[in-house]
Structures are given as structure tokens and as C-alpha cells.
Amino acid sequence: MQNTLLEIMYILAGLVGIAAAVYALKDKNHPHPKETAAFWGIFGITFIFGKYIPGYVTGLLILAMGVLAAINKVKDGGMKTADEDQREASALKIGNKIFIPALTIGLIAFIVGQYIPALGALVGLGLGALLSTIIAMIMTKTETKNIPYEGSRLLLSLGTAAILPQLLAALGALFNAAGVGEVIATGIGGVIPQGNILAGVIAYCLGMAIFTMIMGNAFAAFAVITTGIGMPFVYAYGANPTVVGILALTAGYCGTLMTPMAANFNIVPAALLDTKNSNRVIISQAPLAIVMLLTHIVLMYMLGF
Amino acid sequence: MIRLIGVLIILIGFYKKYNPIAVVLVAGIATGLVSGIEIVTILDILGRTFVANRFMSIFLLTLPVIGILERYGLKERSVMLIKSMKSATTGRVIIVYMFFRELASVFGLRLGGHVQFVRPLVYPMAYGAAEKNYQSVTEDADEKIKGISAAAENYGNFYGQNVFPASGGVLLVVGTLAALEIDVIPMEVAIAAIPVAVIAFIYTVVQSVLFDNSLNKSLKKNKIDKGA
């Protein structure tokens with residue numbers, strides 16, 4: 001049930017990609033309509049037929065998308081929404097009711113994820129989006145063609161950053177297959193002085209943050225760094241594993257706040273908010289992340305022993 | 001050591017601001033090749049992981065409705081709403097969101113998200129608050145408001161989630177340590193996560209207050225005079 005529903009959600013998500021391809025082709029002001037359409041078309045295909053295409057073929061399709069992105073031919077174009085006067089007028093007319101569909105997305109995702117575990121939060125997010133679309137349609141009495149139009153407008157403005165999270169997950173899998181983590185853990189382990197608890201704590205926290213920055217994911221870093229650094233240099237000296245374990249993980253989260261590799265937390269939101277600098281979210285987070293990381297070292301040393 | 005070539009490519013690529021998609025692909029393939037993995041296997045790992053992680057892009061389904069709501073004045077309405085609240089400032093909007101975001105994740109509620117909340121609601125309100133307090137909001141200030149709005153979501157999510165004993169992070173710690181023959185109890189791990197959750201909230205308040213002060217300074221000239 002869950003898998004079937006998820007597969008339907010993927011097909012619908014793929015259709016958003018296909019719609020973006022069609023609108024890019026139709027856009028007379030678009031600088032590179034064909035290449036942009038090819039990029040989003042391929043993306044849509046991997047969503048709709050991904051389950052049935054052999055892995056290496058999908059791999060080749062991703063390479064094609066990479067080439068289109070690398071030669072800078074995947075662009076936004078000139079799709080416009082209603083102009084400001086119309087939006088102001090409509091905001092006055094509809095009133096605060098307009099927040100209902102906006103809140104519906106998150107609330108349905110939450111309710112389904114929380115109370116219908118058989119479906120899960122992902123299906124919930126999809127259902128929330130669909131229900132919210134229906135409410136918005138009724139409320140605004142908008143034309144049906146605005147559904148694919150507005151979806152395409154936002155996806156084209158998000159640009160290639162939209163596919164980064166999935167691509168980085170694939171990179172992580174390749175790093176794992178190649179044993180990159182072990183090399184790093186051995187490298188850091190080699191420079192820590194034996195018998196110095198503070199040095200061990202610093203290495204464990206920094207190791208988590210740095211390796212998380214490289215992998216873009218603290219979960220991936222935790223096992224590698226805990227085995228390579230945590231065990232011989234922290235736990236071996238009688239640390240309280242309950243306290244030290246969770247502090248090591250959140251020390252990794254400080255790294256997540258500072259890396260473009262965590263695209264879904266840092267780069268996609270920047271694209272969603274249409275910032276000038278794609279690293280804007282990281283820049284805003286860096287001061288807090290650094291202070292937080294230092295705090296982790298202090299907490300681990302004080303509370304962990 | 002040669003296996004770290006992918007890491008090097010990533011560092012140079014992101015630093016030089018080459019297209020991230022191309023950088024990631026080159027790094028992945030190079031790492032695979034120097035580690036002796038066949039090119040077909042590399043493509044296979046790439047393709048299969050990409051498809052297995054389609055769930056990361058479910059948010060595409062929310063784009064049409066967010067676009068439609070924006071077309072009908074969602075942002076404009078958020079600005080109107082926040083302007084009716086006298087004491088609202090950008091920093092206070094951030095603090096209130098951080099508070100509820102963290103509280104929700106402490107109870108294991110996945111109530112939040114950049115797509116669900118930040119773009120349609122938090123950022124427009126944070127921006128609206130600035131627009132209410134200053135005659136004009138510069139492009140530079142707007143950029144920073146976007147940054148801190150997205151950051152609040154991450155702070156609340158990351159540092160609050162582990163206070164919930166069945167969260168992914170707590171279970172990962174328990175599972176990983178168990179594999180190393182160290183036994184810890186999820187409930188106790190969750191309790192050990194409380195100091196970090198509290199400190200993260202305090203730091204966010206500090207950052208938000210400092211942010212309001214810096215807006216005051218940079219937009220002072222066009223501050224709206226509320227004097228009698």
C-alpha cells in the first residue's frame with residue numbers, strides 16, 4: 001500500500017518535471033529551451049520509470065543531465081506569475097483564508113506521518129500537497145491550467161539545485177563503496193596524542209563535523225568516526241557513552257549547517273527563497289554552528305567524564 | 001590516500017563555484033575509478049541510489065499549490081497580517097518559529113520544513129516585519145532575512161529532534177554503539193540531548209536579537225518614525 005502510493009507520488013512528481021520541460025519549450029523568452037526541456041524531461045523520466053529502468057541506464061541519463069548542467073544550458077526563462085497589483089487585490093479579497101491551504105500541506109503530512117504509520121510522512125506530504133491544491137483551487141477559483149503552469153514556474157526557478165540532494169546521496173554511496181571514510185578516520189586517528197582525553201574529545205567532535213561536511217550527512221559520518229576515533233580515543237578512557245554518543249552526533253549536525261553538500265538543508269532552501277548567493281543559508285548559519293561546535297567540545301569534556 | 005581524490009574535487013569545485021551537479025558527478029566517478037570499481041558498476045550505483053532516493057524530491061508535489069497561492073497574494077497577505085501586529089520584528093518572528101519548531105521536534109512531530117513553512121509563511125512574515133519597521137528594505141537586508149529564515153528551520157529541526165527517544169538520531173546512536181558492544185538506552189540518550197536543545201534555543205535568540213540590531217543600524221535612515 002505504502003509503496004504503491006509512494007510510486008504514484010513519484011509519478012506525479014515526475015509529471016511536474018515533464019510539465020516544466022513543456023513550458024520551457026513553449027517559452028519564447030527562454031535562452032535555451034531545448035536543453036532545459038531535455039534536462040527536466042530526463043528528470044521526469046527517472047521519476048516515472050525509475051523503478052523499471054536498469055541502474056546503469058539511469059546512471060547514463062544522470063550523466064546526460066550533468067553535461068547539460070555543466071555547459072550552463074539549464075535556465076530559468078521568463079515565466080511570470082500575476083503582477084503585484086493583482087496579487088495585492090486578491091490578498092485583500094481572499095483575506096486570511098489564504099493561509100488554510102498553506103498550513104494544510106504541513107498539517108496533513110504531520111497527521112498522516114504521526115497517526116497512520118502504515119502510510120508514513122512521505123505519503124503524508126504528498127497527500128497534503130494534493131489536498132491543499134484542491135482547497136486552493138476552490139478558494140481561488142483559478143483555472144486548471146495554472147496548476148502545471150505555477151508548478152513549472154517554481155521548478156524552473158529552483159533550477160538544477162533541485163536534483164542535488166538525490167545526487168549527493170548517490171555520491172555518498174560511491175564514497176562508501178570506495179571506503180573513503182576509513183581513509184579519513186585513519187588519517188585523523190594518526191595525529192591524536194595517546195592518553196590525552198581533551199585531545200580525544202576535540203578530535204571526535206571536529207572529526208564528526210568535518211566528515212559530515214564532506215559527506216553532507218551526520219548519520220553517514222557517525223559510524224565511521226565513532227569506530228575510527230571515538231572508540232580508541234574517547235570511549236576507551238571511560239567516557240559515559242550515553243552522553244558522549246549523542247553529543248558526537250549533534251557535533252556532526254554543526255557540520256551539516258556549514259556545508260553545501262547538505263543540499264537539502266542549505267542549497268535547496270536558498271534556491272527556494274531565490275537568494276542571490278547560493279550559499280546564503282550557510283553564511284547565516286556559520287557563526288551559530290561554530291559557537292555550537294565549541295560548546296559541544298566543552299559539554300562532552302565536562303558532562304561525558 | 002588516492003581514494004580521497006573525490007573529496008579534493010568537491011572542495012575545489014564548490015570553492016570555484018563550478019556547477020555543483022557536474023562537480024558531484026566528476027567526484028563520484030573519479031573516486032570509483034581510482035578505487036578500482038568498473039565504470040558500469042559506478043553508473044549502476046549512481047543510478048540505483050538516485051532512484052532509491054526519489055523520496056527526497058517528493059516536495060516537487062507542493063510546488064504547484066505554493067505557486068498558485070503566491071499568484072493569489074499569499075506573500076502580500078502575510079505582510080498585511082504581520083503589519084497588524086505592533087511589536088513584530090524580524091528577529092521575533094524567527095524566535096517564535098524556532099520555539100515552535102523545536103518544541104514540535106522534541107515531541108517527535110515532523111511539523112516544519114523549508115517548503116511547507118519557510119517559503120510560504122516564515123520568510124514572508126519575517127520580511128513583512130522589516131517592511132513594517134523601516135521605510136524600505138534593501139536588497140542586502142532582504143537577502144539576510146532569507147538566510148536567517150531558512151536557518152531557523154534547520155536549528156529547530158537538528159537540535160530539537162534527538163530529545164524524542166524514537167528519533168532517527170537516537171536510534172542511530174543506540175544501534176551504532178551496540179554494534180561496538182556498548183549498550184545505551186534510548187530514553188537516557190534522549191535526556192542527554194536536552195542541554196544541546198536548550199543551548200541551541202538560547203543561541204538562536206541571541207542571533208535573532210543581534211540581527212534586529214543590525215537591521216536597525218543598516219536601515220536606520222529609513223526607520224519609520226513612530227513618535228507622537
Side-chain angles (χ1 to χ4, degrees), chain A residues 10 13 16 50 55-56 58-59 66 69-70 81-82 87-88 90-91 98 102 105-106 110 113 121-122 125-126 129 132-133 136 140 147 150-151 153-154 160 165-167 169-171 173-174 178 180 183 214 223 241-243 245-246 249-250 253 260 265 269 272-273 275 280-281 284-285 288, chain B residues 3 7 14 19 21-22 24-25 28 31-32 35 40 43-51 53-56 58 60-65 67-68 71-74 76-77 110-111 114 116 119-120 143 146-148 150-151 154 158 162 169 172-173 176-177 182 184 188-189 192-193 196 203 207:
Chain A
Y10 294 147
V16 177
Y56 68 93
T58 311
T81 189
R87 298 202 307 266
E88 288 266 355
S90 148
I98 198 159
I105 307 172
F110 158 63
L122 286 169
L125 180 58
S132 161
T133 310
T140 61
I147 298 178
E150 288 293 331
R153 176 176 71 84
L154 286 190
T160 56
Q166 274 175 268
L167 214 52
L171 178 70
L174 277 169
V180 170
V183 178
I214 293 167
T242 305
V243 173
I246 195 67
L249 184 66
T250 43
Y253 291 178
F265 296 116
L272 264 176
L273 295 171
T275 59
R280 181 64 240 175
V281 178
S284 293
Q285 288 170 167
L288 186 136
Chain B
R3 273 184 277 175
V7 177
F14 276 112
N19 183 287
I21 310 263
V24 169
L25 283 174
T31 304
S35 309
V40 179
L43 287 174
D44 192 55
I45 294 175
L46 201 60
R48 274 190 295 119
T49 326
F50 189 83
V51 168
N53 283 285
R54 282 177 298 173
F55 70 87
M56 289 179 156
I58 283 273
L60 292 192
L61 285 180
T62 64
L63 296 181
V65 68
I68 286 175
R71 187 182 191 93
Y72 286 88
L74 179 67
E76 287 70 19
R77 190 71 217 179
R110 273 166 288 204
L111 199 62
H114 292 106
Q116 300 96 308
R119 161 138 184 170
E143 181 90 350
K146 288 174 177 173
I148 199 168
N154 285 336
F158 291 3
N162 293 318
L172 177 83
V173 169
T176 307
L177 291 179
I182 299 176
V184 292
E188 289 177 1
V189 174
V196 162
Y203 286 175
Q207 188 180 12

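Quick caveat, the model's predicted, so the values are computed rather than measured. Here is the naming used below: chain letters follow the sequence lines, and residue numbers restart at 1 for every chain.
Relative ring orientation between B:Phe158 and A:Tyr253 is described as tilted, the plane-to-plane angle lying within the 30° to 60° band.
Ranked by non-hydrogen atom pairs under 4.5 Å with chain B, the options A:Ala69, A:Ala136, A:Gly66 are led by A:Ala69. Of the listed residues (A:Ile105, A:Leu154, A:Ile147), the one with the most heavy-atom contacts under 4.5 Å to chain B is A:Leu154. Heavy-atom pairs under 4.5 Å with chain B peak, among A:Thr242, A:Thr81, A:Leu171, at A:Thr242. Taking chain B as the reference chain and counting heavy-atom pairs below 4.5 Å, the highest number among A:Ala129, A:Ala91, A:Gly245 is found for A:Ala91. Between chain B and the residues A:Ala223, A:Gly126, A:Pro241, the largest count of heavy-atom pairs under 4.5 Å involves A:Pro241. Put simply, of A:Pro165, A:Pro260, A:Ala178, the one with the most heavy-atom pairs under 4.5 Å next to chain B is A:Ala178.
Atom CD1 in A:Ile98 sits 9.0 Å away from atom CZ in B:Arg77 (nearest 0.5 Å). Atom CG of A:Leu122 sits about 12.0 Å away from atom CZ of B:Arg54, to the nearest 0.5 Å. The distance from atom CG of B:Leu46 to atom CG of A:Leu167, rounded to the nearest 0.5 Å, is 6.5 Å. Residue B:Ile21 holds its CD1 atom at 4.5 Å from OG1 of A:Thr160, rounded to the nearest 0.5 Å. Atom NE2 in B:His114 sits 8.5 Å away from atom CG in A:Leu272 (nearest 0.5 Å). A distance of 6.0 Å separates CG of B:Leu172 from CG of A:Leu249, quoted to the nearest 0.5 Å.
With a 4.5 Å cut-off on side-chain heavy atoms, A:Leu174 and B:Thr31 do not count as touching. Taking 4.5 Å as the limit, some side-chain heavy atom of B:Asn154 sits within range of a side-chain heavy atom of A:Val281. Residues A:Leu273 and B:Arg119 meet the side-chain proximity criterion, which asks for heavy atoms closer than 4.5 Å. For the pair B:Ile58 and A:Tyr10, the minimum side-chain heavy-atom distance is below 4.5 Å. No side-chain heavy atom of A:Leu125 sits less than 4.5 Å from a side-chain heavy atom of B:Leu61.
Counting only distance, with no hydrogens or angles, the side chain of A:Arg280 and the backbone of B:Gly147 share no donor-acceptor pair below 3.5 Å. B:Thr49 places no side-chain N or O within 3.5 Å of a backbone atom of A:Ala170 that could act as its donor or acceptor partner. Counting only distance, with no hydrogens or angles, the side chain of B:Gln207 and the backbone of A:Ser284 share a donor-acceptor pair below 3.5 Å.
Looking at B:Asn53, the atoms closer than 4.5 Å to chain A (heavy atoms on both sides) sit in the backbone and in the side chain alike. Both the backbone and the side chain of A:Val180 come within contact range of chain B, with heavy atoms under 4.5 Å apart. Only the side chain of B:Ile182 comes within contact range of chain A, judged by heavy atoms closer than 4.5 Å. Both the backbone and the side chain of B:Leu74 come within contact range of chain A, each with at least one heavy atom under 4.5 Å from a heavy atom of that chain. Heavy-atom distances place both the backbone and the side chain of A:Val243 under 4.5 Å from chain B.
Taking every heavy atom of both residues into account, B:Val65 and A:Ser132 meet most closely at CG2-OG, 3.2 Å. Nearest heavy atom pair, residue B:Leu60 against residue A:Val16, reads O-CG2, 3.9 Å. Residues A:Leu288 and B:Tyr203 approach most closely at CD1-CB, 3.6 Å, considering heavy atoms.
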